[in-house]
Amino acid sequence: MARLTGDRGQMLLIGAFILAVAFVGLALIANAAIYTENIASRNDAGGAGDALQSRHAVAEGVGDAMARANVYNNSAWSHITDNVSAAADTVAVIAAREEAADGRYVDVSATGHTEGTRIADNASGGSVFRGSSGAHDWTVAETDRARAFVMTVDHDNVTGTNSFGGPLDDEFRVNVTDGTDSWIVNVTGHSGTFTVGVDPPGGDAGTCTVSGSPETVTIDLTAGTVAGRDCPAMTFREGVSAPYDVRFNRSYEVRGNYSLVIDNAGYSNPELQSGAGPGQEPYQTVAVYRSTLTFRYDGSGVRYETAVRVLPGEPE
Amino acid sequence: MSDTRGVSTALNYVLNLSIAALLVAGLLVAGSGFVEDSRESVVREELAVVGEQVAADIQRVDRLVVAGDGVTVASVTQEFPERVAGSTYILSLDPGAAEPVELSTATPNVTVTVPVRTDTGLGTGTAGGGPVTVRYDNGVVVIEDG
């Protein structure tokens, strides 16, 4: 008969102990799996999206200031650049204050401005889109780059001397041409509907119509909108290479205002009144085509430092 | 009197003991195998998640670079666990591979690769666990311990 000693049952004890340890390990592993879910659910952990948003807001703020400086402070190049630089400083202060609330650092400064020319017809109440010589088929600009090309056209005066709904071959046209290919936008009141048609080289991109009868219709050629709504057919100078001319044909067919900014410094065009302003339409003034900023962003997990080109209304 | 008297008690005892030993051994083998398998699958899963996060960081930096007009600094830092289910791991970036982000542990021997598509080129780099920085460096995106 076996003698009873304290060694009995060791195998079961040790086996149970090892099993217990294994299952504690299993619990730890399950815990790691739960932590994995936690990492998987992180969303933009570093805040790179905030950096881009901040950059975009800064560019937009300075862009708006630039557009206003080009229109209202355009008596000399230095006045415009001073204003745009001052606006960049103001935007920097606002952005820094806003981001500081969330523990982030933002710094913005203007580093350079590229001179261009703003061409506009701002006649109050609108005018027909003729050149200063009185020409109705004329070249508005000869350039490599244009931006912020916006026309505001009287809804009920389309087709000029003809009544609303005049023949289609009698329409106002914006013709952007490189000499070989042309991108044409026409504005008609065909059958009583305000219609903007787009004809790129080798085809018809389609039309965009305006329903109802608003007093004026804004056509943003570089942004591709008609009356504030997206016009899918309109892609500025699609299929036309730079340099190109911007021409108006049969400008007596519409009334309204327009403006665009081109990247030519000291542009001269006999059809434009130089250094003039509203009251002497159409006119050209010195303008900032592009400003360059340096933008710096320090967030908890993101560092971002980049140059930012500010070109409000540039199509490409 | 036969000399086989009283054997049944001893036999009973031996049988009992061997059945118990078999049971315990079976449980140990099955249990530790199960734990080891779970560990490996958790490691694989966690490496994949960390890899996806690093790939996302690479794409975030790529987005910052593409959105900028002359980027000088773009970096994203994220804190990851030092160990996955008790094992240390190595994170590496190999621009030549079809799935450039590679994570591996030695015990258990697990390697996970994650694809990432960027407009900016990728550079080479390695990092351990903990904070990992994805950074734009002279035209390429690299990773490093951060």
Side-chain angles (χ1 to χ4, degrees), chain A residues 1-2 8-9 11-49 51-52 55-56 59 111 290 292-311, chain B residues 6 9-10 13 17 20-21 23-25 27-28 30-43 45-50 52-53 56-57 59-81 83-87 131 133-136 146:
Chain A
M1 210 130 156
R8 288 193 59 173
M11 187 184 68
L12 279 178
L13 198 65
I14 293 171
F17 183 72
I18 295 175
L19 268 179
V21 169
F23 284 113
V24 168
L26 191 65
L28 290 177
I29 289 167
N31 193 39
I34 291 167
Y35 185 51
T36 304
E37 301 286 319
N38 169 297
I39 300 172
S41 63
R42 281 184 196 170
N43 190 11
D44 195 9
L52 285 177
R55 190 204 87 108
H56 182 74
T111 51
R290 172 177 60 230
T292 311
L293 314 172
T294 56
F295 173 81
R296 194 176 147 201
Y297 181 98
D298 278 320
S300 58
V302 178
R303 288 197 57 215
Y304 188 34
E305 213 175 297
T306 180
V308 177
R309 291 184 308 152
V310 180
L311 292 137
Chain B
T9 312
Y13 183 72
L17 215 58
L23 194 72
V24 168
L27 273 176
L28 277 181
S32 60
F34 174 66
V35 169
E36 202 46 49
D37 285 352
S38 306
R39 182 166 173 225
E40 194 175 321
S41 79
V42 164
V43 165
E45 202 174 310
E46 190 156 350
L47 286 185
V49 165
V50 170
E52 296 286 356
Q53 286 285 346
D57 282 351
Q59 283 177 325
R60 281 177 193 129
V61 170
D62 181 49
R63 234 167 73 203
L64 291 174
V65 171
V66 170
D69 310 300
V71 173
T72 47
V73 178
S75 75
V76 173
T77 305
Q78 201 179 155
E79 182 86 31
F80 294 111
R83 291 158 178 270
V84 288
S87 315
T133 298
V134 178
R135 190 165 59 83
Y136 177 68

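Naming: A, B, ... by sequence-line order, numbering from 1 per chain.
- Note: A/E305 leads A/E305, A/H56, A/E37 in heavy-atom pairs under 4.5 Å with chain B.
- Residues meeting the side-chain contact (heavy atoms from CB on, under 4.5 Å) test with B/V49, sequence neighbours left out: A/T36, A/I39, A/A40.
- Distance CD/B/E40 to CD/B/E45: 12.5 Å, rounded to 0.5 Å.
- In this structure, chain B has no heavy atom under 4.5 Å from any part of A/F295.
- Interface check for chain A: of the options B/S75, B/S41, B/G68, B/S38, the most heavy-atom pairs under 4.5 Å are formed by B/S75.
- When each of B/T72, B/L28, B/V71, B/L64 is checked for heavy-atom pairs under 4.5 Å with chain A, B/L64 comes out on top.
- Legend: residues meeting side-chain hydrogen bond (donor to acceptor under 3.5 Å, both in side chains) with A/D298, ordered by chain and number and at least two apart, are A/R296, A/R303.
- The part of B/V24 that comes within reach of chain A is its side chain, from C-beta onward, which places non-hydrogen atoms under 4.5 angstrom from that chain.
- Of the possible polar contacts, one joining the A/T111 side chain to the A/T292 backbone as a donor-acceptor pair under 3.5 Å is found.
- For B/E52, no part lies near chain A; criterion is any non-hydrogen pair under 4.5 Å.
- Among residues 21-30 of chain A, the residues having any heavy atom closer than 4.5 Å to a heavy atom of chain B are, in sequence order, A/A22, A/L26, A/I29.
- Note: A/L19 leads A/I18, A/L19, A/N31, A/V308 in heavy-atom pairs under 4.5 Å with chain B.
- Remark: A/R42 CZ to B/Q53 CD distance equals 6.0 Å, nearest 0.5 Å.
- Taking all atoms of both residues into account, the shortest heavy-atom contact from A/A51 to A/V302 is CB-CG1, 4.2 Å.
- Annotation: the span from B/Y136 atom OH to A/T306 atom OG1 amounts to 9.5 Å, rounded to 0.5 Å.
- Heavy-atom distances place no part of B/A10 under 4.5 Å from chain A, backbone and side chain included.
- When B/S32, B/G86, B/P81, B/G31 are compared by the number of non-hydrogen pairs under 4.5 Å with chain A, B/P81 comes out ahead.
- With sequence neighbours excluded, no residue forms a side-chain hydrogen bond (donor to acceptor under 3.5 Å, both in side chains) with A/R55.
- In this structure, CZ on B/R135 lies 14.0 Å from CG on B/D57, to the nearest 0.5 angstrom.
- Using a 4.5 Å cut-off between heavy atoms, B/A21 touches chain A through backbone and side chain atoms alike.
- Looking at every heavy atom in both residues, B/V43 comes nearest to B/A85 through CG2-CB, 3.7 Å.
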